[in-house]
Every structure is written in structure tokens, then in C-alpha cells.
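Structure first, then comments.
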Number of protein chains: 2
Amino acid sequence: MTLLRSDRLTAGAAERGIPDATVARLPIYLRALTTLADQGIDVCSSHQLASAAGVNPAKLRKDLSYLGSYGTRGVGYDVEYLRYQIARELGQTQDWDVVIVGVGHLGSALSTYDGFSTRGIRIAALVDTAPARIGKKVGGITVAPLTDLTKIVRKHDIAIAVIATPAEAAQDVADALVAAGVTSILNFAPAIVTVPEGVDVRKVDLSIELQILAYHEQRKAANGPESIGTADEVTA
Amino acid sequence: MTLLRSDRLTAGAAERGIPDATVARLPIYLRALTTLADQGIDVCSSHQLASAAGVNPAKLRKDLSYLGSYGTRGVGYDVEYLRYQIARELGQTQDWDVVIVGVGHLGSALSTYDGFSTRGIRIAALVDTAPARIGKKVGGITVAPLTDLTKIVRKHDIAIAVIATPAEAAQDVADALVAAGVTSILNFAPAIVTVPEGVDVRKVDLSIELQILAYHEQRKAANGPESIGTADEVTA
DNA sequence: CCATGTGAATACTTTCACAGCC
DNA sequence: GGCTGTGAAAGTATTCACATGG
């Protein structure tokens with residue numbers, strides 16, 4: 001989750017050193033811009049965009065300032081232009097081929113998720129170890145055996161993989177992915193996977209999110225209901 | 001994601017004011033402790049536990065210090081005792097009934113996900129609007145119509161809900177959930193939902209995680225491969 | 001001696017408030 | 001006049017390093 005950056009601001013001309021917290025929000029801004037564009041809006045203020053994205057305007061402007069000065073003082077931002085700049089910064093000018101390992105319920109859900117294609121992400125291959133699943137078609141893609149991994153990664157020039165296996169298999173799959181040449185992994189398995197330097201891992205754990213909510217619920221119940229409020233998700 | 005805390009340390013006896021970042025890691029420690037217990041380990045050092053959880057020992061000790069002093073100097077932590085203390089802090093001494101709204105691919109995957117039951121979370125009901133889905137059984141639970149929501153929430157005393165609908169429906173569903181009395185929402189729909197004060201929303205966006213990885217991949221490709229390394233997920 | 005628990009130092013993030021430009 | 005872009009201030013989080021107690 002936290003990546004070291006050897007160069008926050010190195011010598012030379014304006015080395016890009018965008019804070020992690022900002023990078024994590026850029027896709028949200030992108031989505032918000034698309035929403036605005038769909039509404040026929042082609043110029044927006046930081047307030048409008050911030051409200052569509054669920055953040056506050058100062059944070060939005062600070063975030064955008066790391067990319068450059070793409071707004072116009074006294075006016076706002078050109079929706080289409082800003083959308084392009086953020087997409088470029090995120091590397092969405094190219095399409096990223098992704099392989100999903102593990103075609104159970106979650107893997108199937110991911111492979112048919114339609115939010116990927118419009119965001120520069122293409123599910124290029126599905127892989128599993130279960131003989132019952134190999135050869136079956138899911139979302140138009142034939143499930144391949146794990147042993148084909150290296151071949152698949154080479155063929156599609158895949159850098160990013162998704163682990164959607166049970167916890168027990170996660171580390172072995174991660175090792176296989178790294179060996180095959182993958183350098184970024186999104187791990188849905190409820191296990192910590194260890195990878196060599198230079199490989200990024202992000203983790204999404206569905207039950208953890210619910211446990212965090214349960215914690216806050218418990219506190220609401222314990223204290224009076226008046227002692228807690230949300231800052232997030234409240235549009236001014 | 002960020003919750004206001006009116007009392008970081010109020011008067012009286014040790015008011016609990018655990019930082020958000022720490023709360024987000026407690027479920028990870030819980031999982032790590034379970035792993036250790038399964039290996040027959042019943043006392044562990046902060047190093048052992050930290051390595052199993054994928055964090056560094058200092059952070060772990062600091063996090064645990066917010067809960068109290070549950071370790072023994074010179075020795076370490078009793079696995080079972082610490083596990084209980086964290087579970088209690090997270091509110092897992094009781095079971096939380098949860099309703100999932102939207103029984104598409106993702107909703108189905110969630111309702112059959114077996115990582116919930118052992119963590120104090122019980123899927124009590126499934127709800128959808130599509131007539132084709134209502135009445136069908138998924139993971140042993142019959143899908144109910146959205147109009148039954150209030151009845152269901154009352155019956156099971158539900159505080160926590162999951163939105164797994166398309167983006168367009170998310171806000172309406174959130175409104176219905178709040179009206180029915182739900183006070184915590186986990187939102188998987190790729191949309192920002194607005195809720196009144198006192199209601200917590202957490203958001204998981206599958207495509208955003210991949211976009212963040214793509215950003216880092218792009219940077220690896222652009223710069224020399226030597227200029228980036230990961231701090232996370234590397235066990236010493 | 002050992003490993004925890006914790007103040008103090010550092011690093012990062014958010015927010016404020018206003019200078020700068022349209 | 002209005003809104004962006006940004007230094008500076010405030011607020012959080014992480015890490016260090018050592019006093020503390022078994």
C-alpha cells in the first residue's frame with residue numbers, strides 16, 4: 001500500500017512525485033469528470049468537481065496541482081481536457097492486459113465486471129488449477145491451466161495480475177506470477193503474500209471492510225448516538 | 001473513510017480513541033493471530049506477529065498500545081488472549097447481521113464468501129429489484145424484493161448493509177437503506193453516495209485498485225526499473 | 001537480558017488562507 | 001469579482017530509540 005519513492009523531488013526538471021494519497025484519488029476524479037461530461041457540462045469549478053467526487057475543494061485543487069496547472073483562474077477546469085490529463089497521468093493512454101488467477105465466485109464476478117474496459121483495463125486471460133474449471137468459458141474467455149501462466153504473460157505482455165483464489169493458494173500463485181514476470185498484483189485472497197522488491201502488491205479484503213464498519217457501529221451503540229458524525233460522503 | 005472523533009481523549013477514565021489507521025489494521029492482526037494459533041503457536045513476539053501481518057513491529061506495538069497493555073515485557077503476547085481482546089475491541093463478541101442489496105455476480109460472490117461467518121458477520125438477507133432474481137435462492141437465502149427492506153432491517157435488527165448494484169441504482173438504494181434504519185454502508189457500486197450525518201459509508205472500487213497499480217507500472221516502465229521498490233509485503 | 005510500551009522525532013496528509021491571474 | 005494554485009499551518013500516521021518491568 002505504501003510505496004517507497006526514492007525521488008520525491010530529484011534534480012533536473014520537475015520529476016513527477018505524486019503523493020500516494022493523491023494517486024489513490026485520481027481515478028475517483030476521472031469517474032467524476034465522466035459523470036459531469038455525461039451531464040453536458042464542459043467547464044467546472046473545483047467545488048463542482050469536488051462535490052461530484054465526494055472530497056473537499058481544497059484537497060482537489062491540491063491534488064491537481066501535483067499534475068500541473070490545468071485549470072483557468074477565475075473560470076475553472078475544462079472537463080474534457082482535465083479528464084485527458086488525469087487519464088494520461090494514470091497511464092490510461094494505453095490498455096493494460098490483466099490476468100485473473102482463480103475463477104471461483106469472485107474471479108467470475110471480476111471477469112464480467114464492466115467497469116474495467118472503459119478504464120484502460122482488459123481482462124486478457126483467466127487461470128485456475130481446478131480441472132473442472134479449465135476449458136470452461138467465463139465472460140467469453142476460456143479458463144487456462146496455471147501451468148500456462150508464463151506463456152500467457154509473455155503472449156499478452158502482462159504486467160498486472162489479480163489473485164482471487166482461496167487464502168491457502170495465494171502465496172504459491174503470487175510466486176508463480178512473479179516467476180512469470182508479473183510486477184503488480186491485486187490480492188483478493190485473505191492472506192498476506194510476500195514478494196520480492198520491485199513488485200507491487202495491493203490487497204482488498206472484503207471482510208475487513210465490514211469489520212471496520214462493525215467497529216464503528218459498536219461505538220455508536222456504546223456512546224450516545226450524538227457523539228459521532230461522518231465527515232465523508234456528505235456533499236455540502 | 002475518515003470519521004470525525006469528538007473525543008480523542010476526553011475526561012474520565014481512558015476514553016477509547018483509537019486512530020482510524022489502527023482500526024483498519026486490527027482485522028489484519030486478528031487474521032494473523034488465527035494463522036499463528038493454527039500453527040500451534042501460543043505466545044508470539046511483536047516481530048513474529050508483525051511479520052505474519054505484513055507490517056513492521058514498531059507499528060504493531062504502537063497499534064496494540066491503543067487497546068491497552070496486553071503483552072508481557074521480555075516475553076511477548078499470548079496469542080489466544082490477544083486475539084480475544086482485539087475481537088472484543090472490534091465488536092466481534094456479537095454477530096452482526098448484514099443485508100446485501102444487488103444479487104448480480106458480485107452480490108452472489110459476496111453472499112457465498114465464507115470469510116464472513118468466522119468474523120462476526122452473518123449475511124441475513126439478500127435484496128434485489130429484478131423480478132427474475134426475486135424468489136431465487138442464493139447461498140441458501142431467498143432473494144427478497146427491495147420493497148421488503150424496512151421489514152427485513154427491523155426483523156434482523158440490521159445496522160450494516162452492502163450495496164452491490166450498478167452505479168445508477170446506488171444512491172436510491174442508499175436512501176432506502178438509510179430510511180430503513182441502516183447506519184453503516186459498504187458500497188461496491190462505482191458511484192459516490194451521499195448520506196446524512198451519523199451514517200458511515202466505506203467504498204470499495206475494484207477498478208480503482210487496478211488503476212493505481214497501472215499508474216505504478218507506468219512509472220516503472222518510464223524510469224529505470226532500479227528507481228522503485230516496495231516497502232510493503234516484504235517480510236524481513 | 002529480553003521484548004513491550006511509549007514519549008519524541010519524523011514523515012505524510014489535509015486544511016487554511018491568500019497571492020496571482022483571468 | 002471569482003476561482004485557481006500554493007506556501008504555510010494544523011492534524012495524522014509512522015518510525016525511532018529507550019525507559020520500564022518481567
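This structure is a prediction, so every number in the text was calculated from the model and none was measured. In what follows, chains carry the letters A, B, and so on, assigned in the order in which the sequence lines appear, proteins first and then strands, with residues in each chain numbered from 1.
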**Request:** Report yes if a donor N or O on one partner sits less than 3.5 Å from an acceptor N or O on the other, where the partners are the side chain of B/Arg73 and the base of D/dT20; otherwise report no.
**Result:** yes
**Message:** Distance check needed: D/dG21 P versus B/Tyr70 OH, whole Å only.
**Reply:** 19 Å
**Message:** Would you say A/Ser46 places a side-chain N or O within less than 4.0 Å of OP1 or OP2 belonging to D/dC3?
**Reply:** no
**Request:** Rounded to the nearest angstrom, tell me the gap between atom CG in A/Asp63 and atom P in C/dT14.
**Result:** 7 Å
**Request:** Please state whether the phosphate of D/dT14, meaning OP1 or OP2, lies under 4.0 angstrom from any side-chain nitrogen or oxygen of B/Asn56.
**Result:** no
**Message:** Quick check: closest heavy atoms across B/Arg88 and A/Gln218, and the distance to 0.1 Å?
**Reply:** O-NE2, 3.3 Å
**Request:** Return the 5'-most residue of the pair A/Gly74, A/Ser65 with respect to DNA chain D, ranking by each residue's nearest nucleotide.
**Result:** A/Gly74
**Asked** Does atom OH of B/Tyr113 have more than 12 heavy-atom neighbours from other groups under 6.0 Å away?
**Response** yes
**Request:** Counting heavy atoms from C-beta on, name the nucleotide in D/dT14, C/dC22, C/dT14 closest to the side chain of A/Tyr66.
**Result:** C/dT14
**Request:** Taking the side chain as every heavy atom from C-beta outward, state whether A/Ile192 and B/Ile28 have any pair of such atoms under 4.5 Å apart.
**Result:** yes
**Request:** Calculate the interatomic distance between B/Ile18 atom CD1 and D/dT14 atom P; express it in whole Å.
**Result:** 14 Å
**Fill in**
Per atom distances to the A/Ala58 side chain, the nearest of D/dT14, C/dT14, C/dC16 is C/dC16
**Complete:** Atom CG of A/Asp20 and atom C1' of D/dA13 are separated, to the nearest Å, by 13 Å
**Asked** In this structure, which one of A/Val101, A/Val162, A/Ile163 forms a side chain to side chain contact (heavy atoms under 4.5 Å, CB included) with A/Ile185?
**Response** A/Ile163
**Asked** What is the distance from CG of B/Asp78 to P of D/dG22, rounded to the nearest Å?
**Response** 17 Å
**Item:** Nucleotide D/dT6, atom C1' - distance to CG of A/Leu60 in whole Å
**Value:** 14 Å
**Request:** Taking the six-membered ring for Trp and the full ring for Phe, Tyr or His, determine whether the centres of A/Tyr81 and A/Tyr70 are under 6.0 Å apart.
**Result:** yes
**Message:** When you measure from the side-chain N and O atoms of A/Tyr77 to the phosphate of D/dG5, is any distance below 4.0 Å, counting only OP1 and OP2?
**Reply:** yes
**Message:** How bent is the helix from C/dC1-D/dG22 to C/dC22-D/dG1, measuring the angle between the end axes built from five pairs each, rounded to 10°?
**Reply:** 0°
**Complete:** Only residue of B/Asp114, B/Asp97, B/Asp157 satisfying salt bridge (charged side-chain N to carboxylate O under 4.0 Å, His left out) with B/Arg122 is B/Asp97
**Item:** Nearest-nucleotide pick for B/Ser45, side chain only, options being C/dT15, C/dA3, C/dT6
**Value:** C/dA3
**Request:** Output the single nucleotide from C/dT6, C/dT14, D/dT4 whose closest atom is nearest the side chain of A/Arg25.
**Result:** C/dT14
**Request:** Return the minimal non-hydrogen interatomic distance between A/Cys44 and A/Leu49, and the atom names on each side.
**Result:** SG-CB, 4.0 Å
**Request:** Figure out the CG/C1' separation between B/Leu64 and C/dA3, and round it to whole Å.
**Result:** 13 Å
**Asked** Tell me: NZ of B/Lys62 to P of D/dT12, nearest whole Å?
**Response** 15 Å
**B/Arg61 side chain near D/dC18 phosphate (N/O to OP1/OP2, under 4.0 Å)** = no
**Item:** Ion pair check, A/Asp200 and B/Lys220, cut-off under 4.0 Å
**Value:** yes
